[in-house]
Amino acid sequence: MNNKWENNIRRVVPYTPGEQPKIKDIIKLNTNENPFPPSPMVTKVIEEFESDRLRIYPDTDSTVLVNALAKRYNVKPSNVFVGVGSDDVLSMAFMTFFNSDKPIVFPDITYSFYDVWADVYRIPYKTFPLDENFRINADDYKCENGGIVIPNPNAPTGVLESTEFFEEIVKANPDSVVIVDEAYIDFGGKSCIELCEKYENLLVVQTFSKSRSMAGMRIGFAIGSEKLIKYMNDVKFSVNSYTMNPLSQYCGAAAVEDEEYFKKTVNEIIAVREYSKEKLTALGFTFPDSYSNFIFASHKSKPAKEIFEALKERKIFVRYWNKDRINNHLRITIGTREQMDKMFKALEEILK
Ligand SMILES: *Cc1c(COP(=O)(O)O)cnc(C)c1O
């Protein structure tokens with residue numbers, strides 16, 4: 001039943017985001033959102049924002065936000081690119097940097113948006129399997145390629161690699177752009193940002209969605225050499241120059257400037273994560289050690305799918321993929337201590 005005009009359509013199988021259930025009183029541990037509200041400084045900006053400001057177009061350069069990020073990460077504003085969530089930043093980076101006939105490369109188990117962008121932009125790609133402990137083999141990435149993208153910590157495994165590991169990969173690939181997607185780096189990892197000074201072809205991408213509690217505001221950013229950032233901005237300004245609205249720009253800057261709140265909430269999540277590791281182990285789960293705000297766990301006797309459904313019946317949402325190699329794992333976002341305790345209680349019943 002194909003009409004002729006449909007032959008010229010750019011067809012894609014879209015990315016499937018985690019469920020955002022409409023029902024009330026749920027415990028939502030399925031999309032790695034932060035259980036704490038954004039910084040009170042963000043609330044203040046929202047309360048004081050004058051709607052008349054919406055009459056005019058936003059600052060295309062997002063100057064307040066770019067400057068705040070440059071200051072926080074000790075780089076120049078010309079080293080910072082901002083976008084509407086890191087999905088926007090990554091999508092722009094794919095479009096800008098991955099134009100080779102050679103395949104781009106990334107792990108087989110990873111953020112499931114990479115193959116979607118590759119498809120939509122018609123970028124050939126190849127994946128390398130993680131080993132049985134979900135570790136990435138750096139040697140795999142010393143191959144001919146049209147670009148590299150790897151999350152650190154990896155998602156949905158939570159496994160962290162060192163900056164030395166990434167330096168080794170970047171060093172071996174002077175002919176392509178290497179993207180490190182650091183969506184979860186603030187939960188205990190060391191950022192590759194410091195390597196950007198040394199390697200012109202390294203782009204580090206981060207987001208406000210996880211560690212800064214602002215998934216709904218859609219702010220992401222990249223740090224890289226002046227050259228990389230300029231190339232990205234040229235593409236961005238050729239697609240849509242007014243991407244980020246002024247409220248987001250000001251709220252983003254306020255969040256970055258409130259370092260104390262950031263540290264406090266991130267440390268609380270890390271503490272609850274470490275506590276959750278003990279509880280899950282006691283319940284018979286195994287998991288790779290997580291340096292993120294989630295744990296990727298498998299139970300020794302009960303199939304993940306059954307646990308997933310049983311939790312859902314109790315209005316506790318975690319993430320499950322019916323995908324090869326990971327179909328016996330659950331990705332559990334770290335919530336508040338109270339939310340986690342409710343989940344552990346439910347798990348005790350389910351596993352009895
Ligand atoms: C959450 C996430 C992102 C995207 O987050 P945004 O909300 O678009 O900033 C990117 N990469 C990974 C690995 C993620 O988990």
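Counting convention: from 1, in listed order, for ligands and their atoms alike. Basis for what follows: all heavy atoms, side chains included, without hydrogens, waters or symmetry-related copies.
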Can we say Asp341 and Lys345 salt-bridge, meaning some charged N sits less than 4.0 Å from an Asp/Glu carboxylate O?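 A salt bridge is absent here (no side-chain N lies under 4.0 Å from a carboxylate O).
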
Glu168 bridged to Lys142 by N-O distance under 4.0 Å: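 So Glu168 pairs with Lys142 through a salt bridge.
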
What does the contact table look like for ligand 1 (nitrogen or oxygen on each side, cut-off under 3.5 Å)?
| from | atom 1 | to | atom 2 | distance (Å) |
| --- | --- | --- | --- | --- |
| ligand 1 | 5 (O) | Ser86 | OG | 3.2 |
| ligand 1 | 7 (O) | Ser209 | OG | 2.6 |
| ligand 1 | 7 (O) | Arg218 | NH1 | 2.7 |
| ligand 1 | 7 (O) | Arg218 | NH2 | 3.4 |
| ligand 1 | 8 (O) | Ser86 | N | 3.2 |
| ligand 1 | 8 (O) | Asp87 | N | 3.0 |
| ligand 1 | 8 (O) | Asp87 | OD1 | 3.4 |
| ligand 1 | 8 (O) | Asp87 | OD2 | 3.2 |
| ligand 1 | 8 (O) | Arg218 | NH2 | 2.7 |
| ligand 1 | 9 (O) | Ser86 | N | 2.6 |
| ligand 1 | 9 (O) | Ser86 | OG | 2.9 |
| ligand 1 | 9 (O) | Thr207 | OG1 | 2.5 |
| ligand 1 | 9 (O) | Ser209 | OG | 3.3 |
| ligand 1 | 11 (N) | Asp181 | OD1 | 3.4 |
| ligand 1 | 11 (N) | Asp181 | OD2 | 2.7 |
| ligand 1 | 15 (O) | Tyr184 | OH | 2.5 |
| ligand 1 | 15 (O) | Lys210 | NZ | 3.0 |

Applying salt bridge (Lys or Arg N to Asp or Glu O under 4.0 Å), name anything that partners Arg72, two or more places apart in sequence or on another chain.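 Testing Arg72 for salt bridge (Lys or Arg N to Asp or Glu O under 4.0 Å), a comparison that skips the adjacent residues, returns Glu259.
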
Quick test of your reading: applying side chain to side chain donor-acceptor pair (under 3.5 Å), list the pairs with at least one residue in residues 35-48, sequence neighbours left out, ordered by first then second residue.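 Those involving residues 35-48 are Ser39-Asp258.
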
Can the positive tip of Arg331 be found less than 6.0 Å from the middle of the six-membered ring of Tyr320, inside 45° of the ring normal?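 No cation-pi geometry.
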
Kindly give the cluster partners of Ile185, where membership spreads through any ILVMFWY side chain lying under 4.5 Å from a current member.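 Noted: Ile185 shares its cluster with Leu160, Tyr291.
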
